[in-house]
Peer 1: 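Have a look at this one before I ask anything.
Any value given below was found using the heavy atoms of this structure, including those in side chains, with hydrogens, waters and symmetry copies removed. What you see is a predicted model; the values in this text were computed from it and never measured. To find a chain, count down the sequence lines: A is the first, B the second, and so on, and within it residues start at 1.
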Amino acid sequence: MSEAGASERPGGEQLALIRAAVRERKLPKARPRTWRDAPLAERLPVARVLVDKGLVHLDRCFDYAVPAGLDAEAQPGVRVRVRFGAGQRDGRREGGGLVNGYVVERRADSDFTGVLAPLAQVLSPEPVLTPELLALCRAVADRCAGALADVVRLAIPPRMAKAERAPTPEPPPPPEPPAPGGWSRYPHGAAFLTALAKGRAPRAVWTALPGPRWPDELATALAATLAGGRGALAVLPDGRAAARVDAALTELLGPGHHVLLTADSGPEQRYRRWLAIHRGAVRCVVGTRAAMFAPVRSLGLAAIWDDGDAAHRDDHAPQPHARDVLLLRATQENAGLLLGGHAHTAEAARLVRGGWARPLVPERETFRAAAPLLRTVGDHDQARDEAARSARLPTLAWQALREGLARGPVLVQVPRRGYAPRLACDRCREPARCAGCHGPLASVGADEELRCGWCGTAERSWHCGECGGRRLRAVVIGARRTAEELGRAFPSVPVRASGRDHVLATVPDQPALVVSTPGAEPVPEGPGYAAVLLLDGWALLGRPDLRAGEETLRRWLNAAALARGRHDGGVVVVTAEPTLRPVQSLVRWDPEGHALRELADRETLGFPPVSRMAAVTGLPEAVAGLLAVAELPPSAEVLGPVPLPETPAGRPRRTGEPPPGEQWERALIRVPPGAGGALALALKTAQAHRLTHREGPPAWVRMDPDDIG
DNA sequence: AGCACGCCGACT
DNA sequence: GTCGGCGTGCTC
């Protein structure tokens, strides 16, 4: 059976021959091939389709023929079904499963030399993958060394036919520009709102004042953008925070102007809301990270709250970070950007230092009026204090607690279990770092040999870079019980616990002992906590993590921001060495200064975010294999590989973590500023190469890894 | 990933 | 000769 024969209209005799061949199993059973005779679209008969398969080596589009019957509906952006996967035989398509995809472009011709398969079906005429969304997904995929189809899957929720059939209401008219409200407490606050309302694209890093007003301020910025006739988007780290901004926005504008996009809503409601945004019926979105791709029409403001929170990174491949996505959107869609929080990341500091964003910071006086009184209890004070030793609580903290409980709720922040850091200087608590690459030192194996967690170099003569100390100590946690004991010490007040599985949204303005792990602090209903105790800070600070200082300060500031102002008797006590940088930054309430110094340090040490990094993980063979094929940029520096700790039993395994029993390795690759794109491309190409050639077990690639020790 | 291709050993 | 092992490579 020749190609020519197949393209002829088969006569009865030929059909009989084919049937005989099928019966004799010379040919597999042919599917109906009505399309071959069906006429194609007259204009632009080729559809370029993004096939929904997230394989890196398939990270390109495929051309399909557009049957005349689908001509009208097969517009760019619509969902289609196509046959994909099987090869060809005798010039005839056979088999191959139906997969979903998106029409990306209609074309006059194809550069594919073979016979195009036809689109099998247009699933819906809704053009969900708009050119803007496609461009954004492409940029995100490139940045994360991921496949376009994977990113599109994050950006567009699964279709629900019922939601699509519902009629779309008209969008409400733009609201009146809101009053500045809390923004009048910031020197450039009103100007920022005006710029948004006038359709400009201001970019700001906002240091929010302590207290409960930031959701109103965020809502006001969104409303100002709406007033200027554009759309707005705010991404928050968790559902609780999103609900607060949602409530503030409803208070400000009433219902109908915005939607809440969080994981709580079911698939149909989620798609319904997404469609309302896509169709322009709603112009403002408040949500968690799933909202970062929300197709807001003519975006005027992309806002993110507390960008240091780990929840802002999606855990689906290729794990984009909401901050990165919103930065890309602000640039691509010419929108304003608001990066707000009580704390500051080094990434935020970099945007300000480079002049890309302006600081939105209140005057020192305003701070002083809003902030609580901040006190520290160092280890030395603690050791001297015999009386409090039994409760493992220094006198100062004890006093603050007792006095606070007389006036209202008291918050006790306790590190979560499992935050056991590795090694630190016995004298000054500075985390022990590798002399070569500044990675964290850890004691590995039974011989307790000291090795770098990044590059694996053995360290035989460690001494502390800060104080010259030569003794190391393993930093241990014993904090949770302390908090439990506190409850017994105050039997007359109720004890409320808030933690990971058990988060309290609010607490009433009554005396109560509120014990919480970082990030789960209940919002006080009244003016704030009378006192906030930040316990065992050294345990957070001692974590062998690049971001330990930044992260500790972030958690402290977020908890301290819930306290009453000092004029209302609000006190915050932190038990950590007062000379440490994050402790000093807390006491001075200086998140910008901390982030700037952090940024400068990381720059000299060659750390992110100035340098960029990628992590390659997998079985040793996989990591080595990928590194062997990767044509890394010449400036790239490979650290490791080193063995990766096994996934702790009990905790669900995250993507890119070893399955139980497998011993994985990790290599870090670091490039200087500007080479991040080239690094991502090189790693993606290497991935594709290994996958097409079936070269051993798979390796995981992650750009900008968070947990780099 | 599937799935079909092709090129070598045990069987009718 | 032919069936089928799974090593290789492609998917419009």
Peer 1: Given atom CZ of Phe84(A) and atom C1' of dG2(B), what is their separation to the nearest angstrom?
Peer 2: 10 Å
Peer 1: Provide, to the nearest angstrom, the distance between the CD atom belonging to Gln687(A) and the P atom belonging to dA1(B).
Peer 2: 11 Å
Peer 1: Atom CG of Leu691(A) to atom C1' of dT8(C): distance rounded to whole Å?
Peer 2: 15 Å
Peer 1: Do you know which two heavy atoms are closest between Ala322(A) and Ile304(A), and how far apart they sit?
Peer 2: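 Minimum heavy-atom contact is CB-CD1, 3.9 Å.
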Peer 1: Rounded to the nearest Å, what distance is computed from the CZ atom of residue Phe62(A) to the C1' atom of nucleotide dA1(B)?
Peer 2: 13 Å
Peer 1: Flag as yes if Phe112(A) stacks onto the base of dC12(C) (centroids under 5.5 Å, planes under 30°), otherwise no.
Peer 2: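 Per 5.5 Å and 30° rule: yes, stacked.
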Peer 1: Tell me the interatomic distance from Tyr102(A), atom OH, to dC12(C), atom C1', rounded to whole angstroms.
Peer 2: 19 Å
Peer 1: Once you round it to whole Å, what is the distance between C1' of dC12(C) and CG of Leu50(A)?
Peer 2: 13 Å
Peer 1: Under 3.5 Å, is there a donor-acceptor pair between the side chain of Arg106(A) and the main chain of Leu44(A)?
Peer 2: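 Yes; judged by distance alone, with no hydrogens or angles, the pair exists.
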Peer 1: Rounded to whole Å, how long is the line connecting atom CZ of Arg83(A) with atom C1' of dC3(B)?
Peer 2: 14 Å
Peer 1: Checking side-chain polar atoms at under 3.5 Å, does Thr168(A) have a donor or acceptor matched by the opposite partner on Arg279(A)?
Peer 2: yes
Peer 1: Can you tell me the distance, in whole Å, between the CG atom of Asp52(A) and the P atom of dA1(B)?
Peer 2: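 Nearest whole value for this atom pair: 16 Å.
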Peer 1: I'd like to know if the side chain of Arg283(A) pairs up with that of Ser298(A) as donor and acceptor (distance under 3.5 Å, no hydrogens or angles considered).
Peer 2: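 Checked: Arg283(A)/Ser298(A) side chains pair up, N/O donor to acceptor below 3.5 Å.
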